[in-house]
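See below for the structure under consideration.
Computed from heavy atoms alone, side chains included, the values below leave out hydrogens, waters and symmetry copies. Keep in mind that what you see is a predicted model, and the values were worked out from it rather than measured.
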Amino acid sequence: MRGQASNNQQPDFGTYHHSTPRASLKLREKVKILFTRVFGNLPFDRDENLKILDVGCGLGFLSCVCAEYYPKARITGFDTFKHASLKESSLAKTNNNAKILGFSGRIRFQKGDVFSSDYSKEKYDLFVSNLVFHNLGRRRIKAYEILAHWMTPKSYLVLGDLFFDYKTDFRRLTSHFGNVEKVNRFNLGGQYKILVLSDPKK
């Protein structure tokens, strides 16, 4: 990523559960390409003053991808920083990653989760999330509903995740969003899909 600090420190975005540091790095490289390609198809200019919410930000990787792609955006990322799906996660480590990359002035991270937070009054333009909702099990269905409630009619959600029961998820998502687009040509294979959602049904 651009904007690395002069001390040549490298950010540490962690190792995914059932993965290795090298494999996690390779996965993030692919995810960055996929998300930035999707961003290029959204109805936002890169230099807009967007407000972006990273749902389940982990160690800040996707928040930093957003900050790099949208140089005037303000990003908020939240996470419990406790889930075993990402090893050695912490708020301090997340903040340090943004600082190393020179994005700390435009990104703020905070502790929270979908079920105990309310971002509906913030009026975010873009919501992003990667490899979070499958960890919620059946509670992910309620989380989809909450996200739709937070969004405005002009908001977009870019959701990358493992969909183990895609038909069920698609059905539930279409009950909360008027537009659910599966981005087929960018998939990583297996059950990973990127969905672009808009037109939330209130």
Side-chain angles (χ1 to χ4, degrees), residues 1-40 42 44-114 117 119 122 124-136 156-162 186 188-189 192 194:
M1 290 185 187
R2 294 195 304 269
Q4 291 194 2
S6 57
N7 59 11
N8 291 321
Q9 274 188 283
Q10 296 297 317
D12 178 5
F13 292 117
T15 301
Y16 295 118
H17 189 50
H18 297 311
S19 184
T20 65
R22 181 176 176 79
S24 295
L25 176 62
K26 291 294 184 183
L27 176 60
R28 281 192 289 270
E29 289 174 350
K30 293 178 180 178
V31 167
K32 179 182 177 181
I33 291 171
L34 304 187
F35 268 79
T36 54
R37 286 179 179 176
V38 173
F39 292 162
L42 296 179
F44 302 122
D45 292 330
R46 291 189 67 172
D47 62 353
E48 283 191 55
N49 296 311
L50 299 178
K51 290 180 65 177
I52 301 174
L53 184 67
D54 184 357
V55 181
C57 62
L59 286 168
F61 169 72
L62 190 53
S63 293
C64 290
V65 169
C66 292
E68 180 179 354
Y69 189 86
Y70 296 109
K72 294 183 179 179
R74 296 280 175 174
I75 298 107
T76 299
F78 73 90
D79 202 295
T80 63
F81 302 102
K82 293 179 180 179
H83 201 278
S85 62
L86 187 64
K87 299 173 185 176
E88 299 181 358
S89 184
S90 75
L91 180 58
K93 203 170 183 179
T94 305
N95 280 318
N96 191 52
N97 284 335
K99 182 179 179 181
I100 289 171
L101 292 171
F103 297 138
S104 56
R106 294 192 291 117
I107 305 178
R108 65 185 175 102
F109 297 109
Q110 51 197 219
K111 289 187 177 181
D113 63 53
V114 172
S117 306
Y119 290 94
E122 301 284 343
Y124 287 95
D125 304 290
L126 177 60
F127 295 75
V128 297
S129 186
N130 188 58
L131 293 174
V132 173
F133 284 80
H134 72 281
N135 292 312
L136 301 177
Y156 281 79
L157 165 62
V158 181
L159 174 64
D161 214 326
L162 297 172
F186 299 149
L188 293 178
Y192 183 89
I194 289 185

What distance separates Asn135 CG from His17 NE2, expressed to the nearest 0.5 Å?
-> 9.0 Å
Just wondering, do Asp125 and Ile52 contact through their side chains at under 4.5 Å, heavy atoms?
-> no
Just checking, any donor-acceptor pair under 3.5 angstrom between side chains of Asp54 and Tyr124?
-> no
In Å, rounded to the nearest 0.5 Å, how long is the span from CG of Asn96 to CG of Leu101?
-> 9.5 Å
Residue pair Leu131 / Asp161: nearest heavy atoms and the distance that separates them = CA-OD1, 3.8 Å
Matching residue for Phe109 among Ile75, Leu91, Asn97 - test: side-chain contact (heavy atoms from CB on, under 4.5 Å) = Leu91
Please check if the side chain of Thr80 supplies one atom and the backbone of Asp113 the other of a donor-acceptor pair under 3.5 Å.
-> no
Heavy atoms only: give me the nearest Arg46-Tyr69 pair and the separation to one decimal.
-> NE-O, 2.9 Å
Taking all non-hydrogen atoms of both residues into account, name the closest pair between Gly105 and Arg74 and its distance.
-> O-NH1, 2.6 Å
The reported gap from CG in Leu27 to OH in Tyr16 (rounded to nearest 0.5 angstrom) is 5.5 Å
Between Gly160 and Tyr192, what is the shortest heavy-atom contact and its length?
-> CA-OH, 3.6 Å
Partner residues of Leu42 under the side-chain contact (heavy atoms from CB on, under 4.5 Å) criterion, sequence neighbours left out | Phe39, Phe44, Tyr70, Leu126, Tyr156, Val158, Val196
Hey, mind stepping through Phe78 and Ser63 against side-chain contact (heavy atoms from CB on, under 4.5 Å) and telling me if it holds?
-> CA-CA 10 Å; Phe78 73 90; Ser63 293; over 6 Å; no
For Ile100 and Gln9, work out which heavy atoms get closest and say how close.
-> CG2-O, 3.2 Å
Strictly under 6.0 Å, is that where the ring centroids of Phe127 and Tyr119 end up?
-> no
When rounded to the nearest 0.5 angstrom, what is the spacing between CG in Leu162 and CG in Asn130?
-> 8.5 Å
Considering all heavy atoms of both residues, which atom of Ala98 and which atom of Ile107 are nearest to each other, and what is their separation?
-> CB-CD1, 4.4 Å
Look at the side chain of Thr36 and the backbone N and O of Lys32, then say whether any donor-acceptor pair between them is shorter than 3.5 Å.
-> yes
SG of Cys57 to CZ of Arg108: how many Å apart, nearest 0.5 Å?
-> 11.5 Å
Hey, are the side chains of Ile194 and Val38 touching, using non-hydrogen atoms and a 4.5 Å cut-off?
-> yes
Between atom SG of Cys66 and atom CZ of Phe61, what is the distance when rounded to the nearest 0.5 Å?
-> 9.5 Å
